[in-house]
Every structure is written in structure tokens, then in C-alpha cells.
Amino acid sequence: MKSNTIRKVAIVGYNRIPFARANTAYSNVGNKEMMIAALNGLIDKYNLKGKLLGEVAGGAVIKHTYDNNLIRESVMQTSLDPATPACDLQQACDTGIESAIYIANKIALGQIDSGIAGGVDSISDMPIAISEKLRKILLEARQAKSLGGKIKTFLKLRPKDLSPLVPRNEESQTGLSMGGHTEITAKYYKISREEQDEFALKSHLNMAKAYDEGFFNDMITPFNGLEKDNNLRRDSTIEKLAKLKPAFDKVNGTLTAGNSTPLTDGASCILLASEEWAKEQGLPILAYISFAEIAAIEYVKNQQNLLLAPLFAASRMLEKAELNLQDFDYYEIHEAFAAQTLATLKIWESPELSAEIGLKKPLGAIDRNKLNVKGSSLAAAHPFAATGGRIIGVMAKLLNEKGSGKGLISICAAGGQGVTMIIEK
């Protein structure tokens, strides 16, 4: 059916595996195994076995060379119709939510009727590379015409050339890690250690309460012996958090292992569809994706900016939606670090800071009782590409349980990028 009408995009399902701190429960599995587990849980839950979907999109931030067709290979090992196409996307920590926007746009334009968006990351199964000199020598030796030529090439090697290279969690433009940048953010915007610890504690307490109330019962598929996120600290207290040493600036820092997200393994996915497809399949319409915006920010000269791009995405998105920041029932702001989330809130509230960073106007304060009400990344942890699916799923369920309302999602990412999204019921 040809139509020039933009269709509504429904969120009709969600699933993820428990998130695990690196080198714990998922130390012997990789991206594909985790993605397949998350997809199979979704397929079983929503009776998708044998179904032909429009497309599956997703990706991983950290991949082996053999993961180059990760999502398609994962789909082929599920019970979906093998004719279901798939593609890999990658945009650092925004990968999961950008995958959802990709699928949503195709549904809105009538190109497909249904699709899955997801993401996965394994730090435990991190690829280890060889040195650049060793790589070049191996290529040179392969071109040599004789055994003597090959031996002569290999004699150029030195012991240091044999040392493996492990990917480093840092920005190539600055040489700083996310934590290093956020330490600068915390100092620049005067975010105290006490504020960060209190914010982190609330995330753990909110998530523990959500687990106790059964909120996550239908959202998580057990995997590899794990039934719940193993980063959650039920016994966390301000006193315990206060005892932790700084993790990045060892002398004057305020970021610790307690108020920062740890390296994590995990996978998540969401099922999106047109209203017609959802009704034909007898699936519930939990909520709708109505707006989304991507932004980037300069962070090399202004190193405090790395994770603040969502400020611009939110501002532009709200202007297009003709909404105020206060018009929402729930807010889900990805907690990469407590300091980054608190800096975002502080800039929104301050005319001076909003003007300084380049926003048209301050968006104002939000009701913090509506923020990350089921806990977020500080408690659940953060497998880079999987966080978007987790957050979208939580927001959709919150709005479906309420029966109406609006939710705002904000996710920051490496490379000075960020995405925001509005979900409505």
C-alpha cells in the first residue's frame, strides 16, 4: 500500500539478559552468544518464532573482526524466519537508541511493518590486537618469494613488537578516558563528591526496589546462570560510597568506582511495529516513539563537554515537539557517571551555564522524583551498545503501566555525541 502518511511507531516488546560486570558471569561468552540470547527471549515472549520481520538492526561498540556481520549472524541462529534481513550499526553508547531510530524511521515511512533494534557488548571478550610493526612485518613476509626472504623479514622483529595491544577506553582526540573527561566536567561545574555519591545510592535503591516489586520480571531473560544484574548493590550506603578512592584523578578526583559505571557485558533488544502489524499479531502497544534528535559537541578544546551533547539534542527536540522540559511524566537519563547526569541537570537549571555552553535558553528544572525511577546505569551497569534498549524498554513499560503520559530519554556517548527521544502513551 502506497501512502504519503507518516505512520505511528509502536513499541510492542522488550527483552534483555542480565547485565554483568566484566570478567564475571559472561567471561566465557561473546557478543554473538549474548545477542542471540536476548533475541531468543524476545522471540519466545512475543510468539515470533518463524515470523518474517522487516529488519533487525543493532551492533556492538567493541567487536572482533569476525563480528563484522554480527546482527545478521545472530538472527540466523534464532528461530526468526531466516529471510529476515539485518544490519550492524555503531555509534558508541548511542548504538542501541540509534538502532531504534533507524528501525522506527523505516516503519514510519512504510518501508517495513516491524523490526527489532538492539545492542550488545562484551568487555570480557575484548579483542587483543598485535602491534603495528608486527602486522606490517607479517604482511611483508607473506609477500616474500622465498623462505630466506621470509626469515630475513622476521629478523626485523624485536621483543617489544610481540606485546599484544588491548583496546584502550580513551578518546583518540584527547588521550583521555570518559572518566578523565568527566572528572574535568565535575570540577568545571562544581559537582561535589557528596552529590555524586547520593545520586549513585539512589540509583541502586531505586533498582533494588523495582526488582522487589517485580518490575523487571518480564523484561529479563536469565542467561549463563545469571538472573539479575550483578552490579546492583543492595547494601550500598553513603558511608560505604564515601570510603572509595578516586578512580581517575587519584589526588583531587571525585569520581569513584561507586559513582561511575563499571565495564560491563550484556545485550538488549526491543520490538517495534506499525499499529496495524501489532494488532494483526495480537501484541500490545506499550507506547509510541514520537520524536528523536541526535547532536554532537566540541570536546577537544573544551574537554568538560565530552558527555554533554544531549543538552543540544534535547533543546532542538523539544522545540520541534513544541514541549517544555517540564511536560513529562518520566525522565530516563543515562547515568554514565553521576557527575555527567548532575552537570546536565545543573546546566538546564542555570541561565548563565546554558548561555555559556551555547543553548538558546535554559530548559529549567525537572522534578527529580520522576528521574530514573527504577534505577539506571549506575545500578544496572552499562554494556555500551545495550544501554539504549534497556532504557527504552523501561520507559515503555512505565508509560504502559501508567496508561498515558510522556517520557524523555537522554543518552550521552563517546566522541562528544548524544541522542534524545520522546516516548508517549
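For reference, positions follow the sequence shown, starting with 1. Values in this document were obtained by computation on a predicted structure and should not be read as measured data. These values consider heavy atoms only, across backbone and side chains, with no hydrogens, waters or symmetry-generated copies.
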Quick one: does [X]'s side chain have a donor or acceptor within less than 3.5 Å of a partner on [Y]'s backbone?
{"X": "D265", "Y": "S124", "result": "yes"}
{"X": "D81", "Y": "A83", "result": "yes"}
{"X": "H334", "Y": "S377", "result": "no"}
{"X": "T261", "Y": "A336", "result": "yes"}
{"X": "E171", "Y": "M178", "result": "no"}
{"X": "S99", "Y": "T95", "result": "yes"}
{"X": "N259", "Y": "A338", "result": "no"}
{"X": "S203", "Y": "A200", "result": "no"}

If you measure from the Lys or Arg side-chain nitrogens to the Asp or Glu carboxylate oxygens, is any gap between [X] and [Y] under 4.0 Å?
{"X": "K202", "Y": "E198", "result": "no"}
{"X": "K279", "Y": "E276", "result": "no"}
{"X": "E213", "Y": "K374", "result": "yes"}

Determine whether [X] and [Y] make a side-chain contact, defined as any pair of heavy atoms from C-beta on separated by less than 4.5 Å.
{"X": "E332", "Y": "I423", "result": "no"}
{"X": "Y299", "Y": "Q173", "result": "yes"}
{"X": "R135", "Y": "L139", "result": "yes"}
{"X": "T221", "Y": "N40", "result": "no"}
{"X": "I103", "Y": "E55", "result": "yes"}
{"X": "M126", "Y": "L263", "result": "no"}
{"X": "R390", "Y": "S376", "result": "yes"}
{"X": "F312", "Y": "L359", "result": "yes"}

Please say which of D88, D121, N68, N31 ends up in a side chain to side chain donor-acceptor pair (under 3.5 Å) with K63.
D88
Shortest non-hydrogen contact between [X] and [Y], atoms and distance:
{"X": "I270", "Y": "G393", "result": "CG2-N, 4.3 Å"}
{"X": "I43", "Y": "S79", "result": "CG2-OG, 3.3 Å"}
{"X": "L271", "Y": "I116", "result": "CD1-CG1, 3.9 Å"}
{"X": "N206", "Y": "G375", "result": "CB-N, 3.3 Å"}
{"X": "N231", "Y": "A379", "result": "ND2-O, 3.1 Å"}
{"X": "P310", "Y": "T420", "result": "O-CG2, 3.8 Å"}

Residue K51 excluded, over 12 heavy atoms near NZ under 6.0 Å:
yes
Take atom CD in E322; do more than 12 heavy atoms of anything else shown fall under 6.0 Å from it?
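No.
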Partner of D218 by salt bridge (charged side-chain N to carboxylate O under 4.0 Å, His left out), out of K397, R16, K45:
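Single salt bridge (charged side-chain N to carboxylate O under 4.0 Å, His left out) partner of D218 among K397, R16, K45: K397.
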Run the side-chain contact (heavy atoms from CB on, under 4.5 Å) test on L399 and E424 for me, step by step, so that the C-alpha distance in whole Å, both residues' side-chain angles and the decisive distance to 0.1 Å come before the verdict.
CA-CA 7 Å; L399 293 172; E424 303 185 49; 5.6 Å; no
With D212 via side-chain hydrogen bond (donor to acceptor under 3.5 Å, both in side chains) - residues at least two apart:
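D212 satisfies side-chain hydrogen bond (donor to acceptor under 3.5 Å, both in side chains) with R234 once adjacent residues are dropped.
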When you check the side-chain N and O atoms of [X] and [Y], is any donor under 3.5 Å from an acceptor?
{"X": "D125", "Y": "H64", "result": "yes"}
{"X": "E335", "Y": "N372", "result": "yes"}
{"X": "D229", "Y": "Y211", "result": "yes"}
{"X": "T264", "Y": "H382", "result": "no"}
{"X": "E275", "Y": "Y288", "result": "yes"}
{"X": "Q196", "Y": "T254", "result": "yes"}
{"X": "N400", "Y": "K425", "result": "yes"}
{"X": "R21", "Y": "N230", "result": "no"}

Would V75 and Q77 count as a side-chain contact (heavy atoms from CB on, under 4.5 Å) here? Give the steps.
CA-CA 5 Å; V75 166; Q77 293 188 48; over 6 Å; no
Is there a side-chain contact (heavy atoms from CB on, under 4.5 Å) between Y46 and Y14? Walk through the geometry before answering.
CA-CA 9 Å; Y46 299 101; Y14 42 67; 4.0 Å; yes
Rounded at 0.5 Å granularity, tell me how far [atom1] in [X] sits from [atom2] in [Y].
{"X": "I347", "Y": "L308", "atom1": "CD1", "atom2": "CG", "result": "5.0 Å"}
{"X": "I191", "Y": "K346", "atom1": "CD1", "atom2": "NZ", "result": "4.5 Å"}
{"X": "Q417", "Y": "C412", "atom1": "CD", "atom2": "SG", "result": "11.5 Å"}
{"X": "L80", "Y": "L52", "atom1": "CG", "atom2": "CG", "result": "9.0 Å"}

Derivation of the side-chain contact (heavy atoms from CB on, under 4.5 Å) call for F328 and I422:
CA-CA 9 Å; F328 294 88; I422 294 173; 3.9 Å; yes
Any chance you could lay out the salt bridge (charged side-chain N to carboxylate O under 4.0 Å, His left out) test for E349 and R368, step after step, and finish with the verdict?
CA-CA 12 Å; E349 295 172 9; R368 295 198 186 185; 3.5 Å; yes
Where at least one partner belongs to residues 280-296, residue pairs that pass salt bridge (Lys or Arg N to Asp or Glu O under 4.0 Å), sequence neighbours excluded:
E293-R316, E293-K320
